[in-house]
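Letters A, B, ... are given to chains in the order of the sequence lines, protein chains preceding strands, and every chain is numbered from 1. When reading the values below, keep in mind they use all heavy atoms of this one structure, side chains included, and skip hydrogens, waters and symmetry mates.
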2 protein chains.
Amino acid sequence: MPDPPAPRPGGGRPDKRQAICRAARLVFGREGYTRASVDAIAAESGVAKRTIYNHFADKEDLFRSVAVEGADAVTEAVHVLLERHLRKIVDLEEDLTAFCLERALAVTEFPEHFALVRAIHAEVHRLPPHVLEKWREHGPPSAHRRLAPYLRRIADRGLLDLDDAEKAAARLNSLTQNDVLLRSFHGALPLPPATVEEIVTDGVRAFLRLYAPAPTPRRSRP
Amino acid sequence: MPDPPAPRPGGGRPDKRQAICRAARLVFGREGYTRASVDAIAAESGVAKRTIYNHFADKEDLFRSVAVEGADAVTEAVHVLLERHLRKIVDLEEDLTAFCLERALAVTEFPEHFALVRAIHAEVHRLPPHVLEKWREHGPPSAHRRLAPYLRRIADRGLLDLDDAEKAAARLNSLTQNDVLLRSFHGALPLPPATVEEIVTDGVRAFLRLYAPAPTPRRSRP
DNA sequence: GTCTATACCGAGATAGAC
DNA sequence: GTCTATCTCGGTATAGAC
């Protein structure tokens, strides 16, 4: 259970908690950490201010929870894509492309969370250290780490030539995701799908050129 | 008098203009576009508010100018690095690595500008359309475009095998810069130099594996 | 003509009293 | 929850100093 410092472990109705989180994500994403007021969040969630402090120790605790839960949700979504596309490989290039493409498009499926991510970036220097710490634990890197074992397994079947699965995962990420993330402002202004498709397709091709297994001992016809 | 839309072409003392820009960059970067007040910028620059409107049409104009000038300064700095490292090639891997490394570290040399970049990201949806438009013209892509001709020239000397220099430039960027940018929050929390070095070194190696010219017609010993 | 300083306006947000 | 007083802010106006 990674929730030891929980201020209110099971206190409060879960539906209220969810409403608060939803509202907090919205308001924090729109206003940023500093500017967002707990009053605004209470108003947005249709809940008394006191109820918020029933579920969360303070503003910092609320922000951290929302950020971490959002990041975990994204990681979970990525994991679903991993299972769908990279468990059983039929055509490696096709499967990798489908995975990366869906993952790139998934950014637009968590708009409130990524607004919050942009707020985090803008305010790194004003964020309480604990928040930053938790963000580094649950943020993007945690999604990457999920990819590595899948690449490892693919390599074990002889479809890739990997020395370091973690590094290869990072590389695939660099080649197919980061550009989309940066150019779309973390999904705030989505790129044309055709552009995303081109980036991902090219990126996967490059990845495969980098990690293609050495051609099997050639028995080419003379 | 036909002078309605003209902001202030050449009017005003340049030193004041510079002080205003400096202060605006600071305040916009700290507060964001919406929250930053012209009064605060006037105070920070030690200039009367009216003077700001002497030099700039309005808040939007001021923000756009500062963003564009900052972006251009970065582009110019990158250009200097290009000239230093990629004009005369002595060892391609070494030169590329040196260039990419210095470029990656350069992010920390424009801290106020990159604070403003983060503010832009956080507020894309609240930014006046014209600002966004100009940003897209002068932003990161413009720095990338500078790289392409250098790669083209290197390729023409037979040191690289490029079909599309623009795409290759984008690739080198993906492999050596984007990760640093994202993981360091646009330079706000610099990565350990050793980490940057590793990312860049590995990235350049991968880039060269992708674009190495086909081995010259082999006359291998039988 | 540019600078400073200050007062001012209208619109929108905010906060408190009720 | 609503009404109202107050504040903030972009932008303008006035006045005088250089």
Side-chain angles (χ1 to χ4, degrees), chain A residues 15-16 19-20 22-54 58-60 62-63 112 115-116 118-119 122-123 126, chain B residues 1-70 112 115-116 118-120 122-135:
Chain A
D15 57 328
K16 294 293 179 187
I20 294 167
R22 185 189 181 79
R25 184 168 356 262
L26 206 87
V27 175
F28 280 131
R30 191 201 307 138
E31 315 281 350
Y33 174 72
T34 311
R35 189 167 164 70
S37 75
V38 177
D39 292 278
I41 295 169
E44 180 71 41
S45 55
V47 145
K49 195 172 168 183
R50 186 68 188 82
T51 307
I52 293 183
Y53 288 103
N54 238 3
D58 49 24
K59 187 178 169 183
E60 170 181 339
L62 175 55
F63 186 84
E112 303 88 356
L116 190 129
R118 284 177 280 139
E123 284 188 285
R126 268 187 293 235
Chain B
M1 272 308 207
D3 206 356
R8 303 273 65 222
R13 283 163 45 179
D15 57 327
K16 295 295 176 184
R17 188 185 201 279
Q18 203 177 359
I20 294 166
C21 283
R22 186 188 179 78
R25 187 171 353 266
L26 205 89
V27 175
F28 279 132
R30 191 202 308 138
E31 314 280 351
Y33 175 71
T34 311
R35 191 169 163 69
S37 76
V38 178
D39 290 283
I41 295 169
E44 179 71 43
S45 54
V47 141
K49 193 180 175 182
R50 189 66 186 82
T51 305
I52 293 183
Y53 288 100
N54 242 359
H55 287 261
F56 302 93
D58 50 24
K59 189 181 176 183
E60 171 182 336
D61 183 36
L62 175 56
F63 185 84
R64 175 167 28 82
S65 301
V66 166
V68 163
E69 278 169 29
E112 304 89 355
L116 190 129
R118 285 178 278 137
I120 290 176
E123 283 189 285
V124 254
H125 288 130
R126 265 187 294 231
L127 254 34
H130 280 84
V131 173
L132 211 48
E133 196 182 312
K134 288 293 174 189
W135 175 248

Please lay out, stage by stage, how Phe63(B) and Leu116(B) fare under the test side chain to side chain contact (heavy atoms under 4.5 Å, CB included).
-> CA-CA 10 Å; Phe63(B) 185 84; Leu116(B) 190 129; 4.2 Å; yes
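In this structure, His55(B) reaches the dC3(C) phosphate: one of its side-chain N or O atoms is under 4.0 Å from OP1 or OP2.
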Taking only nitrogen or oxygen atoms into account, show me every contact under 3.5 Å that the protein makes with nucleotides 11-18 of chain D, one pair per line with its distance.
residue : atom : partner  : partner atom : Å
dG11(D) : OP2  : Tyr53(B) : OH           : 3.2
dG11(D) : OP2  : Lys59(B) : N            : 2.9
dG11(D) : N7   : Lys49(B) : NZ           : 2.6
dG11(D) : O6   : Lys49(B) : NZ           : 2.7

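With sequence neighbours left out, the salt bridge (charged side-chain N to carboxylate O under 4.0 Å, His left out) criterion links Glu69(B) to Arg17(B). By the salt bridge (charged side-chain N to carboxylate O under 4.0 Å, His left out) test, Lys134(B) pairs with Glu137(B), sequence neighbours left out. For Arg22(A), the side-chain contact (heavy atoms from CB on, under 4.5 Å) criterion is met by no residue, not counting sequence neighbours.
Looking at heavy atoms from C-beta onward, Arg118(A) lies in side-chain contact with Val124(B) at the 4.5 angstrom threshold.
The distance between atom CD1 of Ile41(B) and atom P of dC9(D), rounded to the nearest whole Å, is 11 Å. One can place CD of Gln18(B) at 17 Å from C1' of dT2(C), the figure rounded to the nearest angstrom. Rounding to whole angstrom units, CZ of residue Arg35(B) and P of dT14(C) are separated by 10 Å. Rounded to an integer number of Å, the gap from Ile52(B) CD1 to dT2(C) P is 16 Å.
Ala36(B) comes within 4.0 angstrom of the backbone, heavy atoms only, and of no base. Note on Thr51(B): a base of the nucleic acid sits closer than 4.0 angstrom, heavy atoms only.
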With a cut-off of 3.5 Å and sequence neighbours excluded, list every side-chain donor-acceptor pair involving residues 25-40 of chain B.
residue  : atom : partner   : partner atom : Å
Arg25(B) : NH1  : Val66(B)  : O            : 3.2
Thr34(B) : OG1  : Glu123(B) : OE2          : 2.5
Ser37(B) : OG   : Ala40(B)  : N            : 3.0

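Heavy-atom distances to DNA chain C give each of Lys16(B) and Glu31(A) a nearest nucleotide, and the one nearer the 5′ end belongs to Lys16(B).
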